[in-house]
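Following: one structure in structure tokens, then a few remarks.
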Amino acid sequence: MDSTLPSPNPASSISPSTSLYDSILASMFAPPPTVLIATILAIFFVPIFIHFIVFRSRSSISLPTFLLVGPAASGKTSLMTSVKTGQPPAETRTSQAPLSLECSIPASIAGTSKYRSVNDPSLKAHKKFLLLDTPGHGKLRHIALTRISSPAIRGVIFVLDSSLTDVRAVAGYLYDVLLTLQNSATSSTTTQPKKLLVACNKSDAFTALPPSKIQKLLEDEITKIRVSRSKGILDVEDDGEGNDEKEWLGEGGEGPFTFQSMEEVGVEIEFKGGSVENGEWRDRLSPWIGECL
Ligand SMILES: Nc1nc2c(ncn2[C@@H]2O[C@H](COP(=O)(O)OP(=O)(O)OP(=O)(O)O)[C@@H](O)[C@H]2O)c(=O)[nH]1
Ligand SMILES: [Mg+2]
């Protein structure tokens with residue numbers, strides 16, 4: 001009788017799960033060259049790719065936008081180019097489609113920077129925004145009016161020629177812009193007022209009127225337009241569809257119209273004079289744009 005017991009085989013005592021574990025560990029610490037190269041490439045390029053996607057989508061979708069509106073040949077396209085380049089353009093053509101340009105102002109003038117320390121390095125950066133030019137021709141004004149209520153719009157710049165040769169036509173377009181802003185402010189869920197800057201351009205011209213005089217003439221003309229339009233509206237009964245958009249300007253819509261009274265319906269208006277020819281708009285617009293950002 002063989003009394004010797006068979007010696008235990010060390011290999012047979014290792015379970016299959018232990019050997020799998022070992023082989024995974026071995027491949028992790030000594031990976032094949034192809035896996036090594038793929039991992040290094042992923043480490044370098046995936047963050048760059050994600051940054052590119054995020055950066056591109058933010059700049060194209062959520063950049064704060066300022067809408068340029070106003071009658072034809074008032075200087076909207078010229079003003080936009082001069083804010084971007086600091087120089088008046090050599091020549092412009094009648095606009096037939098909207099056009100946007102990316103511009104920037106020093107972050108120190110932006111409204112959100114007023115509580116920062118003067119030593120905050122972020123104040124040395126620039127704040128980007130878009131200027132969106134629209135055609136002034138009567139048949140193409142719907143392009144501007146439909147964009148006024150867009151959430152990306154931080155402010156509207158109404159550009160007019162300071163000579164104000166046709167005050168009725170200018171006041172008529174401004175009336176439509178104000179009405180759209182008023183309806184947008186009253187239907188908005190935020191209490192943030194809508195901002196409008198009336199840019200009295202071409203102040204270099206001999207016939208140019210000062211902004212205070214332009215403001216008064218426009219107020220008188222809008223008062224007349226409001227009276228004539230309200231007569232038409234009173235004849236029309238409520239359409240019964242719960243449409244609460246107002247068709248007249250101001251809280252009550254009675255008496256003389258003033259731009260100041262638009263604050264009661266959530267629209268803040270400022271007047272500024274300047275000239276593209278003299279390269280004045282970049283400095284004159286920056287504080288107002290900074291407040292809106
Ligand atoms: N004198 C003077 N001329 C200006 C000024 N700004 C613009 N212009 C001239 O006014 C004309 C019309 O300018 P645009 O910028 O094309 O006007 P716009 O408002 O874009 O016109 P539309 O595209 O038709 O709506 C051009 O000949 C400009 O050179 C200014 O400040 N002073
Ligand atoms: Mg134009």
Side-chain angles (χ1 to χ4, degrees), residues 63 65-105 129-150 152-181 195-215 217-218 221-222 269-289:
L63 217 52
T65 303
F66 294 87
L67 193 67
L68 288 162
V69 303
S74 55
K76 299 177 291 297
T77 310
S78 310
L79 188 148
M80 178 175 74
T81 316
S82 76
V83 170
K84 170 82 181 169
T85 63
Q87 304 282 329
E91 63 166 330
T92 55
R93 295 199 182 131
T94 302
S95 307
Q96 295 186 1
L99 174 74
S100 66
L101 271 186
E102 192 179 298
C103 303
S104 64
I105 54 164
F129 58 90
L130 286 181
L131 280 180
L132 179 60
D133 179 29
T134 57
H137 191 281
K139 287 187 179 165
L140 298 172
R141 285 183 189 168
H142 61 275
I143 294 176
L145 293 172
T146 50
R147 278 170 172 76
I148 286 180
S149 313
S150 155
I153 299 296
R154 291 290 175 89
V156 178
I157 303 169
F158 187 92
V159 184
L160 55 81
D161 182 336
S162 295
S163 298
L164 211 62
T165 43
D166 190 352
V167 63
R168 193 165 179 84
V170 176
Y173 190 9
L174 185 54
Y175 186 99
D176 291 336
V177 169
L178 288 171
L179 196 58
T180 314
L181 277 171
K195 304 261 196 175
L196 173 74
L197 183 99
V198 182
C200 305
N201 189 31
K202 305 195 189 185
S203 63
D204 58 291
F206 174 67
T207 47
L209 301 170
S212 54
K213 174 82 178 158
I214 293 171
Q215 181 171 344
L217 289 171
L218 287 172
E221 200 56 46
I222 288 176
I269 303 160
E270 242 182 78
F271 274 71
K272 274 188 200 293
S275 156
V276 172
E277 281 303 306
N278 295 342
E280 291 168 339
W281 282 114
R282 188 140 59 153
D283 287 348
R284 299 215 174 155
L285 285 183
S286 294
W288 181 81
I289 287 176

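Note that the structure is predicted; figures quoted are calculated from it, not measured. Because only heavy atoms are used, hydrogens play no part in the values below, and waters and symmetry mates are left out as well, while side chains stay in. Indexing begins at 1, ligand by ligand and atom by atom, following the structure's order.
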Problem set entry | N or O pair under 3.5 Å between S203 and ligand 1 | no

Exercise. Would you say the side-chain atoms of T77 and T92 include a donor-acceptor pair closer than 3.5 Å?
Worked result: no

Seminar exercise, completed: All heavy atoms of P135 vs all of Q96, minimum pair found to be CG-C, 3.7 Å

Exercise. Can you find an N/O atom of V276 closer than 3.5 Å to an N/O atom of ligand 1?
Worked result: yes

For this session: From the options P89, C103, S104, select the one residue that forms a side chain to side chain contact (heavy atoms under 4.5 Å, CB included) with K84.
Result: C103

Exercise. So which protein heavy atom does atom 6 (N) of ligand 1 come closest to, and at what separation?
Worked result: N201 ND2, 3.1 Å

For this session: Return the residue, atom name and 0.1 Å-rounded distance of the protein heavy atom closest to atom 1 (N) of ligand 1.
Result: D204 OD2, 3.0 Å

Exercise. Has ligand 1 got any nitrogen or oxygen that is less than 3.5 angstrom from a nitrogen or oxygen of A73?
Worked result: yes

For this session: Consider ligand 1: state whether an atom of it lies below 4.0 angstrom from any non-hydrogen atom of A205.
Result: no

Problem set entry | Protein heavy-atom partner closest to atom 26 (C) of ligand 1 - residue, atom, separation in Å | T92 OG1, 3.8 Å

Problem set entry | Heavy-atom proximity to atom 3 (N) of ligand 1, best of K202, R93, M80 | K202

Problem set entry | The one among G70, S78, S162 that brings a heavy atom closest to atom 28 (C) of ligand 1 | S78

For this session: Please could you name the atoms of ligand 1 that S275 approaches to less than 4.0 Å, counting only its heavy atoms?
Result: 31 (O)

Exercise. Within 45 degrees of the axis of the six-membered ring of Y173 and under 6.0 Å from its centre: does R141 put its NZ or CZ there?
Worked result: yes

